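Worksheet for the structure shown next.
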Amino acid sequence: MSQHLSEQELQRREALKSLREMGIDPYPAAEYKASHFSKDIHAAYEDNSEAQEWKEVCISGRMMTQRINGKASFADVMDSHGRVQVYFNRDILCPGEDKELYNTVFKRLLDIGDFIGITGRVFKTNMGEITIEAHSLTVLSKSLRPLPIVKKDKEGNIYDAFTNPEQRYRMRYVDLVVNDKVKNTFITRTRIMNAMREFFNRKDYLEVETPILQPIPGGAAARPFITHHNALDMPLYLRIANELYLKRLIVGGFEGVYEFAKDFRNEGMDRTHNPEFTVMEIYVAYKDYFWMMNFTEEMLEHVVTSVNKGSTEVKLGDKLLNFKAPFARITMVDAIKEHTGYDITGMDEAALRDVCKALNIETDDSMGKGKLIDEIFGEKCEGNYIQPTFITDYPVEMSPLCKKHRDNPDFTERFELMINGKEVANAYSELNDPIDQRERFEEQLNLSAKGDDEAMFIDQDFLRALEFGMPPTSGMGIGIDRLTMMLTDNSSIQEVLFFPQMKPENKESKKVLELNEGEKAIFEILKVENRLALDDLKTRSGLSNKAWDKSIKGLAKMGLSKVEKTEEGLFVELAED
RNA sequence: GACUCAGUAGCUCAGCUGGCAGAGCAUCUCCCUUUUAAGGAGAGGGUCCAGGGUUCGAGCCCCUGCUGAGUCACCA
């Protein structure tokens, strides 16, 4: 029941108690009205540094450093927009006889991490820092755990940063408080989505929501999560894509719909895969994939420039990406020709298998023609496309929802956008021939029979919708997490998700006060003797060396005995409780 | 799934050939009325990830497990 508390946590609980005893509520309910954010104070003071005699300003935030200095001290207060220094002068904060607010509350009972409110006058210190001279101090919320202290010197070198990735991801709230960069990553993530949304809305496309719980997980080849609906007593799947539902909306008469969707895939996790991730999918009627390529590069250029101070260039690791439209375009066949020397045009399955063999690519019997081509591309080509590049015209077998190419029925009107060797977006001229679509689903069933556990299910209702008629449509999906990684210079998806999936922390079973045989034996002797030379006790216990060592340490850990070193040697005695 | 590395104070990390558990920051006490990685003097703080084993003796060596990171494999 009782939680183990560290020394510092106990001290903070003591301070909490003391505040209450002084009549100060450490968790007050009332609204605290700040007049400025920290950045406003910096900006406004710089503008008016000469004449302006500042009236009282009022700020609130978390106290991040304390430099206590006799009768005058400094603290940095951090709000959502940055930090500002506060000057606490004993006789200014406490003009009367009673100096308790300064001496006791500020200096003793407040800690780094506490939320406070300050009113005061803005001035510039001798060191040239814009500072608030505190005239009042309000405790807004007491922090009971010590934050990691991250210090920065004049050159911007960071000391004692909170860097352990496990702790950062498990305690993202702490990460956000102490690591400025982290907050910026997530702000950029939101700005990316806002810029995209704005781009679509300007064109009058409609943002929609479609089911996450689906009876048939469609629209992609992936292993789904399965769950169960109790009242309906039926299985439901968490969506792996929203494609089939958005197309139903095009059938229903919308000309442009899009959705920012959380998708879920029950697959492995690594630095580019999280079980839940965010995809933006958009479908526009009467368009084809050529139109969509233009649209995509235009949209990305808009997104990049609006989060990137107008520049199309983005630093990613040691590379410089340029999102200036138009992007390079190459067909998959040409890409393979370029990077392997093989022209796979017109090859059958056996010939493709031979190519794989020659290129040292492993194959198995479940792989059809499309999968083989995909393997060759993935293995030999994909990684080469660092700058944004559209790869077009994928084999028909691996694109069951995509129109056959108008010039060559072995391929489809599909493109993927590769950036930094990774697939970021995927788009089609959507298949709207219901009979063709039914056949493609049936081919997927054959693949499934061959052992491909990611082949698609047949969605009869989706086919019914197509039979009612869907206009020619182009659709595109883009991975928001991966795009964010690229635009924030992060190589791990965990850095762009607030709460990446983690295994649960091992909650250690509470250690019960239970003595083992050896500990009991020693304890019994001690209860009689109370105090004994260590060697005598060891002999009388009759324990082996190992058992003795473990037992005596065990007792000490439980606080039942203690070892005392004196001139005459080592003594063991019962610890009084 | 395989391999490599890591887990020690609130945080960042040392810890030699196996021999009493260390530093900086943070914390506590004292001094200091414009400091800023404030400073000075002193003090306290540990389930060395967990469980076994080897040993007179394990933070260190061996085995098993847990958690994380990286590389690879898998992967619309």
Side-chain angles (χ1 to χ4, degrees), chain A residues 4-12 14-15 65-76 83 85-93 102 108 111-113 123-129 131 133 145-170 174 178 219-223 240-241 243 263 265-273 279 362 370-371 374-375 378 394 398-401 414 416 423 425-426 453-454 456 477 479 491-492 494 502-509 511 544-546 548-550 553-554 557-558 563 565 570:
Chain A
H4 171 79
L5 295 176
S6 70
E7 185 189 34
Q8 292 190 49
E9 289 171 299
L10 289 169
Q11 281 161 356
R12 284 175 182 234
E14 279 303 311
T65 66
Q66 248 184 328
R67 289 178 290 283
I68 290 181
N69 195 342
K71 298 183 186 66
S73 305
F74 293 86
D76 290 348
R83 298 180 183 211
Q85 178 169 269
V86 180
Y87 172 59
F88 294 88
N89 180 299
R90 188 192 66 182
D91 298 324
I92 296 172
L93 185 64
Y102 179 78
R108 286 183 200 285
D111 292 295
I112 289 168
F123 73 108
K124 207 173 220 173
T125 63
N126 295 341
M127 303 298 289
E129 177 143 354
T131 300
E133 177 189 271
R145 285 178 187 257
L147 284 171
I149 308 292
V150 180
K151 295 206 170 190
K152 209 191 275 184
D153 68 13
K154 282 191 193 85
E155 281 84 47
N157 300 313
I158 292 175
Y159 299 84
D160 299 326
F162 181 57
T163 51
N164 182 312
E166 180 169 4
Q167 298 205 61
R168 286 183 49 233
Y169 302 151
R170 287 194 194 282
V174 174
V178 302
R223 276 190 289 274
I240 54 175
E243 169 150 1
D263 286 350
R265 296 188 184 176
N266 204 344
E267 294 170 348
M269 292 166 58
D270 60 30
R271 66 182 202 293
T272 55
H273 295 83
V279 172
E362 279 185 40
K371 195 105 181 173
D374 188 40
E375 282 296 312
Y394 282 60
M398 52 186 296
S399 312
L401 300 166
R414 171 180 182 178
E416 285 195 356
E423 162 210 341
N426 182 23
D453 56 0
E454 291 185 344
M456 295 182 188
S491 57
S492 164
Q494 298 169 104
M502 306 282 278
K503 288 200 185 182
E505 275 178 275
N506 218 8
K507 275 281 168 221
E508 291 158 42
S509 54
K511 200 152 203 172
S544 72
N545 282 319
K546 181 85 180 178
W548 157 259
D549 186 65
K550 281 206 89 76
K553 281 179 179 165
K557 268 180 185 168
M558 282 183 269
V563 180
K565 191 173 181 178
L570 292 167

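In what follows, chains are A, B, ... by sequence order, proteins preceding strands, each numbered from 1. None of these values were measured; they are calculated from a predicted model.
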Non-hydrogen side-chain atoms of A:Glu166 and A:Met502 separated by less than 4.5 Å:
yes
Please report, rounded to the nearest Å, how far the P atom of B:A76 is from the CG atom of A:Asp263.
15 Å
Going by purine N1 to pyrimidine N3 plus the second Watson-Crick contact, or the G-U wobble pair, all under 3.5 Å, which nucleotide sits opposite B:G44?
none
Output a table of nitrogen or oxygen pairs between the protein and nucleotides 3-6 of chain B separated by less than 3.5 Å.
none

Identity of whatever pairs with B:C61 - Watson-Crick or G-U, under 3.5 angstrom
B:G53
For A:Glu416, which residues count as a side chain to side chain contact (heavy atoms under 4.5 Å, CB included) partner, sequence neighbours excluded?
A:Tyr394, A:Arg414, A:Met418, A:Glu423, A:Asn426
In Å, rounded to the nearest 0.5 Å, how long is the span from CZ of A:Arg108 to OH of A:Tyr102?
11.5 Å
Separation of the P atoms in B:A69 and B:C13, to the nearest angstrom:
15 Å
Between A:Lys152 and B:A37, is there a contact of a side-chain N or O with OP1 or OP2 at under 4.0 Å?
no
Where the side chain of A:Met127 is defined as all heavy atoms beyond and including C-beta, which of B:A69, B:C25, B:U35 is the nearest nucleotide?
B:U35
Treating A:Glu267 as the side-chain partner and A:Arg223 as the backbone partner, does any N or O pair qualify as donor plus acceptor under 3.5 Å?
yes
Would you mind reading off the distance between A:Asn266 atom CG and B:C74 atom P, rounded to a whole angstrom?
19 Å
B:U36, OP1 or OP2 - any side-chain N/O from A:Lys154 closer than 4.0 Å?
no
Base paired to B:G68 (Watson-Crick or G-U; both N/O distances under 3.5 angstrom):
B:C5
Any-strand Watson-Crick or G-U partner of B:C25, both distances under 3.5 Å:
B:G10
If you compare every side-chain N and O of A:Arg271 against the phosphate oxygens of B:U71 (OP1, OP2), does one of them come in below 4.0 Å?
yes
Give a yes/no answer on whether the side chain of A:Lys71 brings an N or O atom under 4.0 Å of OP1 or OP2 in B:U34.
no
Quick note, A:Glu423 side chain, CB onward, closest among B:A76, B:U12, B:A37 is B:A76
Interatomic distance where CD1 belongs to A:Ile92 and C1' belongs to B:U33 [whole Å]:
9 Å
Rounded to whole angstrom units, what separation is found between the NZ atom of A:Lys503 and the P atom of B:G65?
12 Å
Quiz question: going by heavy-atom distance under 3.5 Å, is there a donor-acceptor pair between the base of B:U35 and the side chain of A:Thr125?
yes
Could you check how far CG of A:Asp374 sits from P of B:C74, rounded to whole Å?
12 Å
Check if the side chain of A:Arg67 and the base of B:A37 share a donor-acceptor pair of N or O atoms closer than 3.5 Å.
no
Quiz question: going by heavy-atom distance under 3.5 Å, is there a donor-acceptor pair between the base of B:A26 and the side chain of A:Gln8?
yes
Find the partner of B:U36: check Watson-Crick (N1-N3 plus N6-O4 or O6-N4) and G-U wobble (N1-O2, O6-N3) distances, both under 3.5 Å, and reply none if neither fits.
none
Ring centroids of A:Tyr159 and B:A37 base under 5.5 Å with planes under 30°:
yes
Closer than 3.5 angstrom, by distance alone: can the side chain of A:Arg265 be matched with the main-chain N or O of A:Ile240 as a donor-acceptor pair?
yes
Who is the Watson-Crick or G-U wobble partner of B:C20, with both distances under 3.5 Å?
none
Round to the nearest Å and state the distance from A:Ile68 atom CD1 to B:G40 atom C1'.
15 Å
With the side chain of A:Arg108 defined as its heavy atoms from C-beta on, choose the nearest nucleotide among B:C30, B:A69, B:A76.
B:C30
Check A:Asn69, A:Thr131, A:Leu93, A:Thr125 against A:Tyr87 for a side chain to side chain contact (heavy atoms under 4.5 Å, CB included) and give me the one that passes.
A:Thr131
Quantified in whole Å, what is the C1' atom distance between nucleotide B:U36 and nucleotide B:G57?
49 Å
Can a side chain N or O of A:Gln494 be found less than 4.0 Å away from OP1 or OP2 on B:A69?
yes
No-H, no-angle donor-acceptor pair, A:Gln85 side chain to B:U35 base, under 3.5 Å
yes
OP1 or OP2 of B:G68 under 4.0 Å from side-chain N/O of A:Arg170:
yes
Do A:Arg67 and A:Asp76 make a side-chain contact, defined as non-hydrogen atoms from C-beta onward lying under 4.5 Å apart?
yes
Please evaluate the base of B:U33 for a donor-acceptor partner in the side chain of A:Asn89 within a cut-off of under 3.5 Å?
yes
Want to settle it: does A:Glu7 or A:Thr131 sit nearer the 5' end of RNA chain B, counting the closest nucleotide to each?
A:Thr131
Rounded to whole angstroms, how far apart are CG on A:Asn69 and P on B:C31?
13 Å
Rounded to whole angstrom, note down the C1' distance from B:C5 over to B:G42.
40 Å
A:Arg145 CZ to B:A9 P: how many Å, rounded?
15 Å
